[in-house]
Amino acid sequence: MLLRSLHFTHEEPLPFELKGSLFTLTILHLFQLDRAAIERHLAEKVKQAPGFFNNTPVVIDLENVVESQDGWDFSGLSEALRGYGMVPVGVRNGSAELQAAARLAGFPVLPESRSAGSAKKPDRADPAPARSRIVNQPVRSGQQIYAPDGDLIVVGTISAGAEVIADGNIHVYGALRGRALAGVKGDLEARIFCQSLEAELISIAGRYRISEQIDTSDRCKAVQIHLAGDRLMIDHLTR
Amino acid sequence: MCRLATVIVVTSGKGGVGKTTTSASFATGLAQRGYRTVVIDFDVGLRNLDLIMGCERRVVYDFINVINNEANLNQALIRDKHVENLYILPASQTRDKDALTKDGVERVLGELKQSFEYIVCDSPAGIERGALMALYFADEALVVTNPEVSSVRDSDRILGILASRSRRAEQGDSPVKEHLVLARYAPERAHRGDMLSVEDVLEILGIPLLGVIPESSTVLQSSNAGVPVILEESSDAGAAYGDLVERFLGKELPQRFVTTQKKGFLKRLFGGS
């Protein structure tokens, strides 16, 4: 009752409202326009994982389609996809002709996503090495230091209650007593190195261990920490 | 005055560790040795320094009155009755920390620098406005810690703030000079592993040790009597504060109230090698 009274203060109740929202959608990158080949490959995919694509909304990406064809049969493709449980919701990229055909079949043409357009291309053109961030002061309780895009090197100690974060590796030349999170953007190859492992939490690419889960035999030792599959491995550094 | 005045903040993060006791004795010690010294109570709303220094019945105007131009410094400064060269600028009991403006504090410190050699700022506990204002203009800091994990962690936090949010840090000057004061230390309890040892605390905080003040009933007695404990020269705590002041002024003295530990609390807890 309270909710009703809050929402419908007008005399006439509102039938709907419009709001923006973000969704994660599966992208179907099309390489060619051969319907038969597409369907064969679809059947194979679905056989590998039956039921996996049930009611999966997909966007058809035409960026890698070299050929162009006026009035290509998007309705046919749509039917085929639906036959395997996928629900096509739109297309993106591709030639003007293909986009026109898609519109004709009732598909919206979605704008290029940012990550594909602006982030990917400069990567290929400019492979500049990521910069490391070097911290010469001790990192005290309550401080948080982040090294975006690269490694974080801390010359001193990281106190309990402090947090160091890097997109790349973390190197600590003193004791690591706080939290250290390496590869926070998902780099599975990232590692943590420290002279004395006394951490509250260690994490690589989202996989983490808290203090309690660190073996006493690894405690206060010089170690490197890396991922093996989904498991955080702690190796002692020998001189 | 040939030398530039030095601003020293006495801070800790945690409450009840001995900041005001240390401020009172440290300022008294400097004045005893002939330096013109003023000690300012930044704990606006929880005025205590005047009690410890035994001048509570002579407070007319306070620090906030001076900041707000309701009184001038000469009206607010209280001359200490125990030693010469020492003045106290009490906090206001009726206001809160919002009354401490950065411009106001800077102006008052600037005026005090004209006539004093050492300005001791007694910080309130916490990391909010009062504590930030007390440490912002500091040249040096006495970080008071008890041999106890939560106190040490809070001190670590304050050290981080000194290194990042003081004026020296903001303007890229040489950093605030840090000194550790380990108060309420009981060597035999540290030896048993009941409390952190000096070595444990130094390992965690990593700043130079200025003095170890032993746990002593004299501290409580002299607080209640309104006499800074440094004046009780026959007591352990009083003697330790005396040594601390000498060390601050550059003399090398051994720590007297520490016995060496074989195995500290941290090592017992984590079974380190």
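Below, read A as the first sequence line, B as the second, and so on, with proteins coming before strands; counting in each chain starts at 1. Bear in mind that the values here come from a model prediction, so they are computed numbers and not experimental data.
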Tell me whether A:D235 contacts the main-chain N or O of A:Q224 through its side chain, where contact means a donor paired with an acceptor under 3.5 Å. no

What part of A:S159 gets within 4.5 angstrom of chain B, counting heavy atoms only: side chain, backbone, both, or neither? both

Flag if over 12 foreign heavy atoms under 6.0 Å of CZ, A:R179: no

Are the charged groups of B:D43 and B:K97 less than 4.0 angstrom apart, N to O? yes

Where the side chain of A:Q143 meets the backbone of A:R140, is there a donor-acceptor pair that is under 3.5 Å apart? yes

Between B:T101 and B:D103, do the side chains contain a donor N or O and an acceptor N or O under 3.5 Å apart? no

Between A:T157 (side chain) and A:A175 (backbone), is there a donor-acceptor pair under 3.5 Å? yes

A:G174, A:A160, A:G161: which one forms the most heavy-atom pairs within less than 4.5 Å of chain B? A:A160

Using only non-hydrogen atoms and a strict under-4.5 angstrom cutoff, which residues of residues 150-165 of chain B touch chain A? B:R153, B:D156, B:R157, B:L159, B:G160, B:A163, B:S164

Any salt bridge linking B:R167 with B:E106? Criterion: basic side-chain nitrogen under 4.0 Å from a carboxylate oxygen. yes

Quick one: which residues of residues 7-23 of chain B reach chain A at under 4.5 angstrom, heavy atoms only? none

Output yes when a side-chain donor or acceptor of B:R247 lies under 3.5 Å from a complementary backbone atom of B:P254, and no otherwise. yes

For B:D139 and B:K177, what are the C-alpha separation, side-chain angles and deciding distance, and is it a salt bridge (charged side-chain N to carboxylate O under 4.0 Å, His left out)? CA-CA 6 Å; B:D139 301 306; B:K177 194 172 174 196; over 6 Å; no

Should the ring pair A:H171 and A:F193 be called parallel, tilted or perpendicular, given that the plane angle runs from 0 to 90° and is split at 30 and 60? parallel

